[in-house]
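By convention here, the first residue in the shown sequence is residue 1.
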Amino acid sequence: MVQPSALPALPAEQTPAPGAVFDWLDEAAELRSRAGLTRTLRSRPADDPVLDLASNDYLGLVHHPAVTCAAADAALRWGGGATGSRLVTGTTALHTELEDELAEFCGVEAALVFSSGYAANLAALTALTDPDTLIVSDAYNHASLIDGCRLSRSDVHRAPHDDPEAVREVLGTRVHRRALVVSDTVFSVDGNAARLPELSAAARAHGAALLVDDAHGLGVLGPGGSGALAAAGLAGEPDVVATITLSKSLGSQGGAVLGPRRVIRHLTETARTFIFDTGLAPAAVGAALGALRLLRAEPQRADRAREVALTLSARLTAAGLHASAPDAAVVSVRAPGPEAAVRWAADCRTAGLAVGCFRPPSVPDGISRLRLTARGDLTDSQITEAVRVIAATAPAGA
């Protein structure tokens with residue numbers, strides 16, 4: 001094998017100019033543009049007047065005084081940042097409070113807070129597996145779970161979407177020392193929920209653990225919004241681990257892993273995205289705590305989010321559109337293609353309504369969609385207006 005230092009230099013006439021080394025990026029951008037996959041950043045003002053059905057603020061708590069005041073108080077007391085990694089100076093008493101209250105609320109032994117839900121998923125998948133592990137992962141899992149599987153060095157099998165029997169069959173071929181079944185609890189594209197009891201039964205039948213990402217279930221499913229595991233009767237089970245994000249129903253930022261105490265200890269001591277990452281900023285911790293305490297005091301917020309989702313779906317379907325039947329707080333509406341979806345979302349915004357736009361590669365089935373957040377704080381008149389705008393701007397073939 002030729003070592004890099006031994007490779008001959010290019011002749012001077014073939015050496016690209018410094019400005020040409022990234023010319024291939026322009027070609028890639030042109031290909032994305034032709035496929036209708038151009039993505040752009042949009043800065044929004046603090047007082048954006050549009051009706052927001054695009055965010056993940058499922059309970060409408062981002063601007064709630066109980067959340068914003070808790071964030072401000074935490075920043076004033078603890079400072080603008082965590083100052084270091086969690087194992088050095090980045091764990092405050094506030095972090096510990098949040099972990100204790102999350103564990104109690106979700107019915108698990110312990111919790112560990114990360115700087116993002118993405119980091120939490122990478123931690124769980126890389127720290128709980130090795131090359132002698134079989135991972136069975138749902139085909140529609142979130143990108144963070146997919147990336148965690150890739151980084152795990154394990155034998156990863158991509159199972160058909162929402163098919164516990166297929167998972168059971170794959171586990172039946174297992175020759176590995178360990179096995180892990182991985183799934184979202186609520187899939188972020190159409191808002192359908194995984195069949196967790198069946199997945200758990202399949203995993204247990206073959207001595208496998210179950211890891212679920214409850215990013216879209218926390219705050220919406222389960223008693224008082226305590227999550228999909230609680231809804232399925234699996235909260236606190238010794239062979240089940242969950243990850244969550246604090247940036248959706250709790251209106252803050254960050255993520256956490258929930259599960260048996262020994263799992264949390266193992267992640268604390270081995271997970272690279274925990275050990276080498278700066279701790280979550282105190283303001284975000286404070287905001288998440290404020291939202292969690294508000295949800296515990298007002299559990300009906302979870303019921304309202306599900307009610308809004310069902311209402312949106314029913315009214316959009318009645319308007320002749322292809323709307324998903326939601327299990328939580330996500331509703332999607334199919335578009336004829338990626339370019340039509342982009343135009344549709346833009347037309348909605350011009351009419352005063354912000355909606356999400358999902359296109360390949362974000363959608364595993366290749367079908368472009370508008371994605372709607374059924375926020376629990378939406379009024380009936382806002383729901384009516386949202387349906388009106390979506391139907392009025394729908395492209396041909398929607």
Side-chain angles (χ1 to χ4, degrees), residues 82 84-88 90-91 95-96 98-100 102-103 106 108-138 141-159 167 171 174 176-185 199-200 203-204 206-215 218 227-229 234-247 253-280 285:
S85 68
R86 289 287 310 274
L87 290 170
V88 184
T91 296
H95 288 79
T96 303
L98 177 58
E99 287 166 345
D100 290 344
L102 279 172
C106 296
V108 299
E109 286 186 353
L112 190 65
V113 166
F114 289 75
S115 61
S116 71
Y118 209 112
N121 275 341
L122 294 188
L125 276 160
T126 56
L128 297 177
T129 61
D130 62 14
D132 198 17
T133 301
L134 170 65
I135 295 178
V136 186
S137 176
D138 190 286
N141 277 344
H142 187 263
S144 57
L145 292 176
I146 294 171
D147 288 352
C149 288
R150 290 170 176 170
L151 291 170
S152 70
R153 301 167 294 129
S154 302
D155 183 6
V156 180
H157 185 96
R158 186 172 180 263
V167 171
L171 290 172
R174 168 187 168 187
H176 310 72
R177 183 180 178 187
R178 284 180 285 274
L180 182 68
V181 175
V182 181
S183 178
D184 284 327
T185 62
L199 281 179
S200 175
R204 285 181 175 174
H206 295 280
L210 176 64
L211 170 64
V212 297
D213 180 348
D214 202 24
L218 180 70
L229 288 184
L234 294 172
E237 291 297 304
D239 55 350
V240 179
V241 176
T243 60
I244 60 169
T245 179
L246 311 177
S247 62
Q253 186 173 348
V257 179
L258 314 172
R261 196 173 306 280
R262 58 182 176 175
V263 168
I264 300 306
R265 177 182 176 180
H266 179 72
L267 266 60
T268 302
E269 297 177 353
T270 66
R272 294 175 65 84
T273 57
F274 181 81
I275 297 170
F276 298 106
D277 192 19
T278 299
L280 185 62
V285 179

Check the pair L102, L246 against side chain to side chain contact (heavy atoms under 4.5 Å, CB included), reporting the backbone distance first and the verdict last.
CA-CA 10 Å; L102 279 172; L246 311 177; 4.2 Å; yes

Check against side chain to side chain contact (heavy atoms under 4.5 Å, CB included), S116 and T245:
CA-CA 7 Å; S116 71; T245 179; over 6 Å; no

Residues D239, L210; criterion side chain to side chain contact (heavy atoms under 4.5 Å, CB included); working and verdict
CA-CA 6 Å; D239 55 350; L210 176 64; over 6 Å; no

Would I275 and R272 count as a side chain to side chain contact (heavy atoms under 4.5 Å, CB included) here? Give the steps.
CA-CA 5 Å; I275 297 170; R272 294 175 65 84; 5.8 Å; no

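A distance of 4.0 Å separates CG of L112 from CZ of F274, quoted to the nearest 0.5 Å. Taking CG from D277 and OG from S85, the interatomic distance works out to 8.5 Å, rounded to the nearest 0.5 Å. Rounding to the nearest 0.5 Å gives a distance of 9.0 Å between CG of L218 and OG1 of T185. To the nearest 0.5 Å, atoms CD1 (I135) and CG (L128) are separated by 9.5 Å.
When all heavy atoms are compared, the tightest approach of S152 to T129 is CB-OG1, 3.2 Å. The minimum heavy-atom distance between A179 and L171, with the atom names listed, is CB-CD2, 3.9 Å. Closest heavy-atom contact between N121 and S144: ND2-OG, 2.8 Å. Closest of all the heavy-atom pairs between A103 and A111 is CB-N, 4.1 Å.
In this structure T273 satisfies the side chain to side chain contact (heavy atoms under 4.5 Å, CB included) test together with F114, A119, L122, A123, sequence neighbours excluded. Judged as a salt bridge (Lys or Arg N to Asp or Glu O under 4.0 Å), and not counting sequence neighbours, R153 has no contacts. Every residue two or more places apart in sequence or in another chain that forms a side-chain hydrogen bond (donor to acceptor under 3.5 Å, both in side chains) with N141 is listed here: S137. Scanning for salt bridge (Lys or Arg N to Asp or Glu O under 4.0 Å) contacts around R174 gives an empty result, with sequence neighbours left out.
Using a 4.5 Å cut-off on side-chain heavy atoms (C-beta onward), D184 and V212 make no contact. Counting only heavy atoms from C-beta outward, the side chains of L180 and L125 approach each other to under 4.5 Å.
Within the structure, salt bridge (charged side-chain N to carboxylate O under 4.0 Å, His left out) contacts touching residues 110-133 (residues at least two apart or in different chains) are D130-R178.
Using modelled atom types and a 3.5 Å distance limit, the side chains of D155 and H176 yield a donor-acceptor pair. The closest side-chain donor-acceptor pair between D138 and S183, if any, does not fall under 3.5 angstrom.
Crowding of Q253 atom CD: a count of heavy atoms from other residues, nucleotides or ligands under 6.0 Å not exceeding 12. Environment of CZ in R158: sparse, with no more than 12 heavy atoms of neighbouring residues, nucleotides or ligands closer than 6.0 Å.
Between the side chain of S154 and the main chain of V156, no donor-acceptor pair closer than 3.5 Å is present. Listed for the D214 side chain is no donor-acceptor partner under 3.5 Å among the backbone atoms of G227. The backbone N or O of V113 lies less than 3.5 Å from a partner atom in the side chain of R86, making a donor-acceptor pair. A distance-only check finds a donor-acceptor pair linking the side chain of H95 to the backbone of L280 [under 3.5 Å]. The backbone N or O of A208 sits nowhere less than 3.5 Å from a side-chain atom of H206 that would complete a donor-acceptor pair. Although no hydrogens or angles enter the test, the distance criterion places no donor-acceptor pair under 3.5 Å between the side chain of T243 and the main chain of G117.
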Below 3.5 Å, can you tabulate the donor-acceptor pairs from side chains in residues 255-266 to any protein atom, sequence neighbours excluded?
{"unit_1": "R261", "atom_1": "NH2", "unit_2": "E109", "atom_2": "O", "d": "3.2"}
{"unit_1": "R265", "atom_1": "NE", "unit_2": "E269", "atom_2": "OE2", "d": "3.3"}
{"unit_1": "H266", "atom_1": "NE2", "unit_2": "A127", "atom_2": "O", "d": "2.7"}
{"unit_1": "H266", "atom_1": "NE2", "unit_2": "T270", "atom_2": "OG1", "d": "3.4"}

